[in-house]
Amino acid sequence: MPLSDPDSIVWLGCYRSSREGYIADRYLNAKAKKRLAAILGQESLAMASTWMDEVRSDSTYNYTTDWHWTTIPDGKRYEDIEQNPDGKIVTMIEKFSKELGTGKLTAKQELEYLRMLIHLIGDIHQPLHVGKPGDKGGNDVKLTWFGGNSNLHRVWDSDMIDDSKLSYTELAQFLPRPDAVSVKKLQNTSARDWTIEAMSFRPQVYDIGNR
């Protein structure tokens with residue numbers, strides 16, 4: 001079954017891991033939910049969103065290692081580094097979005113592509129998955145987080161959220177719901193737009209200081 005409705009693509013993952021899937025599910029219309037259920041069965045978006053990280057332990061999926069991120073220098077756009085072999089997240093989001101809408105995939109391909117798309121849209125909205133050259137998306141930026149050793153990427157990926165001691169459903173309740181105008185605007189954005197947004201947060205993300 002083709003997956004081409006805008007609600008089925010844009011809202012699949014705007015936050016991290018199972019949190020993104022849970023929150024995304026709140027914005028799907030009835031048509032999108034029906035299409036997703038036909039592919040995922042009883043698997044929720046929250047469950048599907050973590051699959052791509054879970055299969056990292058399976059060497060069969062080693063080829064997906066560089067699909068979670070991209071590197072874009074300050075002042076550049078994704079188009080300027082499109083042939084960059086380091087990081088393929090934008091390429092893969094565009095590929096999966098297109099191919100899920102063709103109706104030509106096998107059931108296994110459709111399921112895996114959808115799980116990957118959900119996860120990668122979540123990843124690209126974590127600013128450090130659109131990294132700048134030189135520090136591996138903040139992984140090489142060592143720092144102390146509440147007395148423990150960490151790095152900038154991990155702080156943004158998990159530390160800030162995990163230390164809240166709230167479940168992903170509890171965290172979701174704190175997030176404001178966008179109005180209809182904002183939703184329409186977001187539905188008309190693309191993975192390339194999301195890289196620009198991620199890069200716009202760099203001054204804030206790297207303003208770590210000594211605190």
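Distance alone, capped at 3.5 Å, places no donor-acceptor pair between the Arg77 side chain and the Ile72 backbone. Counting only distance, with no hydrogens or angles, the side chain of Thr106 and the backbone of Gln109 share a donor-acceptor pair below 3.5 Å. No side-chain donor-acceptor contact under 3.5 Å links Gln204 to the backbone of Phe201.
The two residues His68 and Asp53 come nearest to each other via the heavy atoms CE1-OD1, 3.5 Å. In terms of heavy atoms, Gly137 sits closest to Leu128 at O-CB, 3.3 Å. Contact detail for Ser182 and Asp179: the closest heavy-atom pair is N-OD1, 2.8 Å. The shortest heavy-atom contact between Ser200 and Pro203 is O-CD, 3.5 Å. Residues Pro73 and Pro133 approach most closely at CA-CD, 3.6 Å, considering heavy atoms. Gly138 and Tyr206 get closest at one heavy-atom pair: N-OH, 4.1 Å.
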**Request:** Go through the steps to decide whether Thr189 and Trp194 satisfy the test side-chain contact (heavy atoms from CB on, under 4.5 Å), and finish with yes or no.
**Result:** CA-CA 7 Å; Thr189 60; Trp194 301 335; 2.9 Å; yes
**Request:** Show your reasoning for whether side chain to side chain donor-acceptor pair (under 3.5 Å) applies to Thr65 and Asn62.
**Result:** CA-CA 6 Å; Thr65 299; Asn62 283 351; 5.0 Å; no
**Asked** Given the rule in the side-chain contact (heavy atoms from CB on, under 4.5 Å) test, do Gln42 and Met47 qualify, once you have shown the distances and angles that lead to the verdict?
**Response** CA-CA 10 Å; Gln42 297 300 310; Met47 294 169 62; over 6 Å; no
**Prompt:** Would Ile81 and Thr71 count as a side-chain contact (heavy atoms from CB on, under 4.5 Å) if you check the C-alpha gap in whole Å, the side-chain angles of each, and the deciding distance to 0.1 Å?
**Reply:** CA-CA 8 Å; Ile81 51 91; Thr71 298; over 6 Å; no
**Request:** Run the numbers on Lys132 and Met199 for side-chain contact (heavy atoms from CB on, under 4.5 Å), then give the verdict.
**Result:** CA-CA 8 Å; Lys132 63 180 183 180; Met199 293 172 68; over 6 Å; no
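Grouping the Ile, Leu, Val, Met, Phe, Trp and Tyr side chains by contacts below 4.5 angstrom, directly or via other members, places Ile89 with Tyr63. Ile93 and Ile196 fall into different hydrophobic clusters, where Ile, Leu, Val, Met, Phe, Trp and Tyr are joined by side-chain heavy atoms under 4.5 Å apart, directly or via other members.
Counting only heavy atoms from C-beta outward, the side chains of Val155 and Met160 approach each other to under 4.5 Å. Taking 4.5 Å as the limit, some side-chain heavy atom of Arg192 sits within range of a side-chain heavy atom of Glu79. A heavy-atom distance below 4.5 Å is found between the side chains of His153 and His129. Side-chain contact between Met92 and Lys95: present, with at least one pair of heavy atoms (C-beta onward) separated by less than 4.5 Å. Leu152 is not listed as a side-chain neighbour of Asp135, based on a closest heavy-atom distance of 4.5 Å or more. In this structure, Glu197 and Val130 have side chains that are not in contact, with every pair of non-hydrogen atoms separated by 4.5 Å or more. By the 4.5 Å heavy-atom criterion applied to side chains, Leu100 and Glu110 are counted as neighbours. Counting only heavy atoms from C-beta outward, the side chains of Ile121 and Leu117 approach each other to under 4.5 Å.
Here the CH2-CG distance, from Trp69 to Leu120, works out to 13.0 Å after rounding to the nearest 0.5 Å. Within the model, atoms CD1 of Ile208 and CH2 of Trp145 stand 11.5 Å from one another, a figure rounded to the nearest 0.5 Å. Atom CZ in Arg35 sits 9.0 Å away from atom CD1 in Ile39 (nearest 0.5 Å). To the nearest 0.5 Å, the span separating CD on Glu43 from CG on Leu111 amounts to 6.0 Å. Between the CG atom of Leu114 and the CG atom of Leu105 there is a distance of 10.5 Å, given to the nearest 0.5 Å. One distance of note links NE2 of His119 with CD1 of Ile124; it measures 12.0 Å at 0.5 Å rounding.
A cation-pi arrangement is not found for Arg115 relative to Phe96, the charged atom failing to lie both closer than 6.0 Å to the ring centre and inside a 45° cone about the ring normal.
Note on ring orientation: taking the six-membered ring where Trp is involved, the planes of Trp51 and Tyr61 are perpendicular (angle over 60°, cut-offs 30° and 60°).
Other residues, nucleotides and ligands place no more than 12 heavy atoms under 6.0 Å from the CZ atom of Phe146. Around the NZ atom of Lys142, the shell of radius 6.0 Å holds more than 12 heavy atoms that belong to other residues, nucleotides or ligands. Counting non-hydrogen atoms of other residues, nucleotides and ligands closer than 6.0 Å to CG of Asn149 gives a total of 12 or fewer.
Applying the salt bridge (Lys or Arg N to Asp or Glu O under 4.0 Å) test to pairs two or more places apart or on separate chains, those with a residue in residues 146-155 are Arg154-Asp159. A salt bridge (Lys or Arg N to Asp or Glu O under 4.0 Å) check over residues 165-175, counting only residues at least two apart or in different chains, returns nothing.
Annotation: salt bridge (charged side-chain N to carboxylate O under 4.0 Å, His left out) contacts of Lys104 (sequence neighbours excluded): none.
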